[in-house]
Amino acid sequence: MSQPAWQVCCPIPISGDAERISLAHGEGGRLMRRLIEDRILPRFGRNSDADSPGDAALLPPVDGPLAFTTDSFVVSPLFFPGGDIGRLAVFGTVNDLVVAGADPLWLSLSLIIEEGLPIAVLERVLDSVAAAATEAGVSIVAGDTKVVPRGTADGLFVNTSGIGRVIVPAPAGPGVLKPGDELIISGPVGRHGIAILAAREQLGLAPPPATDCACLKEPVQFLRDAGLFNGASAAVLAMRDATRGGLTAVLHEWAAACGHTLTIDGATIPVTPDVRGAAELLGLDPLHIANEGTMLIAASAGQGEEVAETLRSSSLTKGATVIGQVRTKTLAPVTVTRSLGREQPLDEPSGAMLPRIC
Amino acid sequence: MKYLDEFRDPVLARRLVGKIRGTVTRPRVIMEVCGGQTHSLLRHGIEAELQGVVELIHGPGCPVCVTPADAIDLAQELASRPNVILASFGDMLRVPGTSRSLLDVRGGGGHVKVVYSPLDAVELAKNSPNQQVVFFAVGFETTAPTTALAVLQAAQQGLENFSLLVSHVRVLPAMEALMQAPNCRVEGFLAAGHVCTVTGFTEYEDFVQRHRTPVVVTGFEPVDLLDGILDCVSQLESGQAEVSNRYSRCVQTVGNEAAQDVVDRVYEIVDTPWRGMGVINSGGYRLRSEFEQFDATRRFATSSGTCSSCDISNDCRSGEVLSGLIKPTECEAFGTRCTPDSPLGAPMVSSEGACAAYYKYQPAVGMS
């Protein structure tokens, strides 16, 4: 059906603070085109006239193997102390590439927007995505926008997929861990989970705890520059950012991969006072709480301190600490030594974090 | 961190272990009443450290564990109704009722919201005028003052869409019931420190004299627990039986009188079914008649039954666990048919349940 000639203007102009995303913004018509061309592409250095987006990004050839990963971000609230969903979506995928031993190159960005989201909120998130991408040295080369009816999403969901070039040699991975190898955490644990919980539930903690959300590219580069990835004496055997399930979840995955026991010393685990206080109050264990810029590293026997020392030269990982080691399988896949010096199993987190009654 | 680190000091803890060993002339049997204490004892390896010297029997002080299954079923039924939001403490969500948990109900479309304080549920009611908000009021004397305060706030604000599903329980009557059981082996009690911050401990004097059994008000950190145990075994060795307060940084003799007043204004004491333990005389609270408009069972013309000992699956021995008659590991289902991911009984999922503590912290149990 041809449109009446008088309907030449956008019926819902997308400007001004009070404007909101409507279903029409996702219907493939003029509104959607204007949203993408006016609001999204310019933020990522793309000019819609000269550089019209096709159906796929055409990327230049890369020398050597590639790493590819994807992650979806559904965090609520969208903005929280120390970060937001945009920053999280970039660094989350970049960190997955980095800890796999790759140099991140390109990201895709998919937005699933709930009808009614203020456009100013979307723009704030997009600005944050752009800034984080610049910080991480990656280009956003592909994307998608969908709008879903009110009530079927929680404001905004973001997916990023990332491609990176594997820098040889990459860490061998947790399967090679053997008794004597050492475990290093790159900083205090539990900050992201506590920051989100405090913001979401309005716990009124003052000052509000901040997320650890950060790009791990620099600290890993420092390890590489120090020669800790190379040759027969390669110190770094495995790296993993300890996101959902916290440090405990990574320890269990690695224990399953290598078939040995991973043991940590509870007294050495760095925990900031605000996270510790909030966790004590809520009956939660910081070892089970999510991080977004903190990684676990396994190093060859005797080289843990060198790895930690190198990490501490980056301001992002200045709290790096040797926290434990790999041992011949004992009573449980993962154990922790607590105050009386007894070694005890450290269980995997089970389901959602539910605060205790008293 | 002040008030934490010094009570987790490994050197001090070791010294106390040595003193306890040096004090007892024969193995002693002590019950820690509160599930929070049970978890701390297991988490820090204190139970294992004292093996052969002090046997720790784990008490019934896990509020969600003793909440009757039919109260949980009722909460689930209410949460499934249109226009009802069931607000609850998070710890209640995984606990199985007769056949499922509140988490299952939420997954099936029920309206279950976790709140951190009963006053948040009042706020929720205020902001949801077209919904009925029911708060699942469970817990010991520790949570009762806050739920009572929620009722007073709702009354003051004239809220007609707020009510309580009350399943509050009281600690001392349960200790009384345990002592009267013919097979009771408990020689002394570590009283629950948190409860005593509210109730004080004068009401234990009569209990101690009648049963000639020491009661030591005890905290939750390793040094607190070891100090409480040392006090208890010292009394037993010298033939004394007194109420002793080893948690004086939090607990005063008379407790928190303002909190007691609020509870007394809103609730009256009533015989109450405890899951797995049967009806306990004066074992709980119900709303006073002047606040009956806030009683969810009245508002929704439904009732919570009275059966409690029959509400546990045949395979589950949580009644015996809660009464301290068996250790969780003595239950045939433990760790096999009953795990935190697929529990038969509440003590396996609660953060204060004894079965959960053994599953989490006992060597060789968490082994895969």
Side-chain angles (χ1 to χ4, degrees), chain A residues 197-198 200-205 248 251-253 255-256 259-263 265-267 271-288 329-358, chain B residues 1 4-5 7-14 17 34-36 39 42-46 48-49 61-64 88-94 103 114-116 120 138-143 192 194-195 221-223 226 339-341 349-352 356 359-368:
Chain A
L197 196 63
R200 183 187 300 158
E201 305 298 339
Q202 298 171 354
L203 296 183
L205 304 176
T248 313
L251 290 168
H252 273 272
E253 278 186 37
H260 302 295
T261 286
L262 271 55
T263 183
D265 178 356
V271 184
T272 58
D274 56 347
V275 166
R276 212 177 143 200
E280 289 288 345
L281 203 64
L282 298 166
L284 304 172
D285 189 340
L287 299 180
H288 290 172
K329 185 145 188 171
T330 57
L331 48 89
V334 180
T335 63
V336 59
T337 306
R338 297 193 208 268
S339 53
L340 278 172
R342 291 189 81 93
E343 190 183 335
Q344 295 190 290
L346 180 61
D347 195 23
E348 276 184 283
S350 170
M353 298 188 293
L354 297 173
R356 67 177 170 212
I357 288 184
C358 59
Chain B
M1 190 168 288
L4 266 187
D5 291 334
F7 293 95
R8 291 182 186 171
D9 180 353
V11 177
L12 196 51
R14 285 248 156 254
V17 168
C34 173
H39 272 252
L42 271 289
R43 179 183 164 90
H44 295 283
I46 294 172
E49 197 66 40
C62 164
V64 310
S88 171
F89 292 125
D91 207 14
M92 201 70 223
L93 264 64
R94 287 200 193 98
L103 267 188
V114 172
V115 292
Y116 291 79
D120 292 345
V138 301
F140 287 98
E141 290 93 334
T142 39
T143 53
H194 290 163
V195 168
E221 299 303 328
V223 168
L226 287 164
T339 65
D341 294 329
V349 277
S350 168
S351 62
E352 293 177 280
Y359 192 88
K360 258 178 110 163
Y361 302 122
Q362 274 283 59
V365 168
M367 200 160 164
S368 61

Open item on the list: Do B:Lys360 and A:Asp285 make a side-chain contact, defined as non-hydrogen atoms from C-beta onward lying under 4.5 Å apart?
Closed with: no
TODO: Among the options B:Gly36, B:Ala48, B:Gly35, B:Pro222, pick out the one with the most heavy-atom pairs lying under 4.5 Å from chain A.
DONE: B:Ala48
- [ ] Please answer whether the main-chain N or O of B:His44 pairs with a side-chain N or O of A:Arg342 as donor and acceptor at a distance below 3.5 Å.
- [x] no
Task: Test item: B:Tyr116 and A:Leu281 side chains (from C-beta on) under 4.5 Å apart, heavy atoms - done: no
Task: Selection from B:His39, B:Arg14, B:Arg43 maximising heavy-atom pairs under 4.5 Å formed with chain A - done: B:Arg43
Open item on the list: If I compare all heavy atoms of A:Arg338 with all of B:Tyr361, which pair ends up nearest, and what's the gap?
Closed with: NH2-CE2, 4.0 Å
TODO: Can you see which heavy atom on B:Ala13 is nearest to which on A:Leu340, and at what distance?
DONE: CB-CD2, 3.5 Å
Task: Side-chain heavy-atom pair A:Glu201, B:Asp120 within 4.5 angstrom cut-off - done: no
- [ ] Would you mind checking which part of B:Leu42 comes under 4.5 Å of any heavy atom in chain A, side chain (CB onward), backbone (N, CA, C, O), both or neither?
- [x] backbone
